[in-house]
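Everything below concerns the one structure shown next.
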2 protein chains.
Amino acid sequence: MTLEQLRTFLWVARLGGIRRAAQQMNISQPAVSNRIALLEADLGTQLLDRSRKGVMLTKQGVMLRTHAEQILQSVERIRAEVVPPENMTALLRLGVAETIVQSWLPEFLGRLRATHPRVTIEISVDISRNLREHLFDRTLDLALLMGPVSDYSVENVELPEFAMAWFRPVALEKPDLTRVPVISYHRQTRPYLELRTQLQDRYGNGIQMFSSSSLSAGFEMVAAGLGVGVFPRVLGERMQPGRIREFDPGWMPRPLSFSASYIGHPRDALAARAAQMAREVALEHAAETGAET
Amino acid sequence: MTLEQLRTFLWVARLGGIRRAAQQMNISQPAVSNRIALLEADLGTQLLDRSRKGVMLTKQGVMLRTHAEQILQSVERIRAEVVPPENMTALLRLGVAETIVQSWLPEFLGRLRATHPRVTIEISVDISRNLREHLFDRTLDLALLMGPVSDYSVENVELPEFAMAWFRPVALEKPDLTRVPVISYHRQTRPYLELRTQLQDRYGNGIQMFSSSSLSAGFEMVAAGLGVGVFPRVLGERMQPGRIREFDPGWMPRPLSFSASYIGHPRDALAARAAQMAREVALEHAAETGAET
DNA sequence: TATGTTTACGCTATGCGTAAGAATC
DNA sequence: GATTCTTACGCATAGCGTAAACATA
């Protein structure tokens, strides 16, 4: 019995097929078949019922699964507790929503690289909707996104909220929301949809909205006089300084809630640790700027 | 990280030396060095302090040890619970005291072979003193001996006691213990030593004792008229039928207590199971013959 | 035929033992 | 110099991927 055999067996059990497990593990499908066959031979008992659509666990397979999960969890704990962080070698595929990029991501990356210098970090900036998807297909280990991700398999570490604010070009002193376009997040994000609903409730259907998948582009549009913007307050203080102003039309959209989310099963100790670190950095950042909550 | 590496590390930790671990595992000493080196490289941290006299665990080594023991215990549990007994392939090196051989060993072996047909059983019959020793140097997996073995590393499963009795040759109606030799167990066994003390307390130093490392030889000596014997009562009923008689000199030695003993750390699931089975068989046997307790 | 498995087979790289080297008392 | 661990090196083989065969709906 080897740990690779157990790990392979668990992927087969989790994904319900040898082919799928092979794909997940980036090895050939016969290699998985072989590992399972060796494990079965070693234990002298059948673990899988092979059928047309994938595989089912036998009674022994079910029992093995429990133990195997425990074992691999212990292995994870070894990596988390025994290995000094500065020696930890791994790849962390990190997905980040742009709002985070523009506020405290640099501090977070700095801290992460300081404590885990041998960890390679691979960053994808995307809208939360896509980040969530990539979390599920396991092409991301950790996502800093508009959360939480409500799925039983995902662990969410709550991050501080971002208070929203209205921004206008300097020239436009008293914007009339029924006549000026409102610029905000990407069409497929929650804040965009919420904002549209609220605008329609208050001002009817005549409202014109622009959406931008890039925050800085959105701010640029506001600064250029194309309309007013609804963005996190803290970002306005550092983007387009002097070219935009905050204003109060009498109401505010809800603050944006973010989370650091990762797959909890199988547990990735590094992702868990990084998520906690993200929370710490974000809280410190919020305390300094004093504005996010 | 592989299970072999963890197992090897544990032996090094337990025995305090790479050479000793190699000896224990029946592999070359550089092989052990290499496994440890690979494990250290994998975890990116030093696990052992190499010194002149064996090795010491580092802080990380101590932490790893705990987790590794847990992991290998889980592996043991898999073998014990997931594998059907009839498919369990293993070698059980069994040490047995002759008293057991002469009473219920055959039933025990029969049951063991029935439930675990693929397990190879290797039997050594010896006096308990030597069995105990071979348990410690790990050349025995399980010993059925006069117990218990009082050592923190040994698990003892209590077996039914054997009541003792006095036997005489048919011809010698009323033996005088001060004049007739007393025949019993091997010189280095506890019952022999206890018996000698009691005889000296009661009759002074004049007592003559014969000892036999073979029970059947001891009975033969009694039958042949060389002296009286002190042996488990149940054995007298089947050995030398008709040629010996029980008698009562007014006192009895203490009953013999036996145990099924095995090393508890690292735990051997098969030995543990066999020990329980020995207890069951022995209790049934005692109930049938009705004489042992 | 489409899907998912096992079997067959050549090849690479891991990990063994032997033998020699290095360190420590 | 005795003891114990590491390094060096040739070699066997465990386990990989490719390709083909097999099973089942």
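Order of the sequence lines sets the chain letters (A, B, ...), proteins ahead of strands, with each chain counted from 1.
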Figure out the [atom1]/[atom2] separation between [X] and [N], and round it to whole Å.
{"X": "Gln23(A)", "N": "dT5(C)", "atom1": "CD", "atom2": "P", "result": "11 Å"}
{"X": "Met25(B)", "N": "dG17(C)", "atom1": "CE", "atom2": "C1'", "result": "16 Å"}
{"X": "Met1(B)", "N": "dG15(C)", "atom1": "CE", "atom2": "P", "result": "14 Å"}
{"X": "Gln46(B)", "N": "dC5(D)", "atom1": "CD", "atom2": "C1'", "result": "13 Å"}
{"X": "Glu4(B)", "N": "dG15(D)", "atom1": "CD", "atom2": "C1'", "result": "16 Å"}
{"X": "Met56(A)", "N": "dG4(C)", "atom1": "CE", "atom2": "P", "result": "17 Å"}
{"X": "Ile36(A)", "N": "dT7(C)", "atom1": "CD1", "atom2": "P", "result": "14 Å"}
{"X": "Asn34(B)", "N": "dC11(D)", "atom1": "CG", "atom2": "P", "result": "19 Å"}

Taking the side chain of [X] as its heavy atoms from C-beta onward, which of [options] lies nearest to it?
{"X": "Ser33(B)", "options": "dC16(D), dT6(D), dG15(C)", "answer": "dT6(D)"}
{"X": "Arg50(B)", "options": "dC5(D), dT5(C), dG15(D)", "answer": "dC5(D)"}
{"X": "Pro30(B)", "options": "dT7(D), dT5(C), dG15(C)", "answer": "dT7(D)"}
{"X": "Gln29(B)", "options": "dG15(C), dC5(D), dT5(C)", "answer": "dC5(D)"}
{"X": "Ala31(A)", "options": "dC16(D), dG15(C), dC16(C)", "answer": "dC16(D)"}
{"X": "Ile18(B)", "options": "dG17(C), dT6(C), dT6(D)", "answer": "dT6(D)"}

**Prompt:** With a 4.5 Å heavy-atom cut-off, do Leu43(B) and Leu64(B) have their side chains touching?
**Reply:**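 Yes - at least one pair of side-chain heavy atoms lies under 4.5 Å apart.
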
**Prompt:** Arg20(A) or Gln5(B): which one's nearest nucleotide on DNA chain C is closer to the 5' end?
**Reply:**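 The answer here is Arg20(A).
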
**Prompt:** So, Arg279(B) side chain and Ala275(B) main chain: donor-acceptor pair closer than 3.5 Å or not?
**Reply:**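 No; zero donor-acceptor contacts below 3.5 Å.
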
**Message:** I'd like to know if the side chain of Asp141(A) reaches the main chain of Arg93(A), judged simply by a donor and an acceptor atom lying under 3.5 Å from each other, with no hydrogens or angles considered.
**Reply:**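 Side chain of Asp141(A) to backbone of Arg93(A): a pair is present.
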
**Item:** Flag for Asp151(B)-Ser153(B): side-chain donor and acceptor within less than 3.5 Å
**Value:**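 Present: a donor and an acceptor within the cut-off.
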
**Message:** We want to know whether Ser259(A) and Ser261(A) form a side-chain donor-acceptor pair, criterion being a heavy-atom distance below 3.5 angstrom.
**Reply:**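 The answer is yes; a qualifying pair exists.
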
**Prompt:** Counting just side-chain N and O atoms, does Arg35(B) come under 4.0 Å of either OP1 or OP2 of dC16(C)?
**Reply:**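 Arg35(B) to dC16(C) OP1/OP2: side-chain N or O found under 4.0 Å.
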
**Request:** May I ask you to verify if any side-chain N or O of Arg19(A) is less than 4.0 angstrom from the OP1 or OP2 atom of dG4(C)?
**Result:**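 So the side chain of Arg19(A) is within the cut-off, an N or O lying under 4.0 Å from OP1 or OP2 of dG4(C).
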
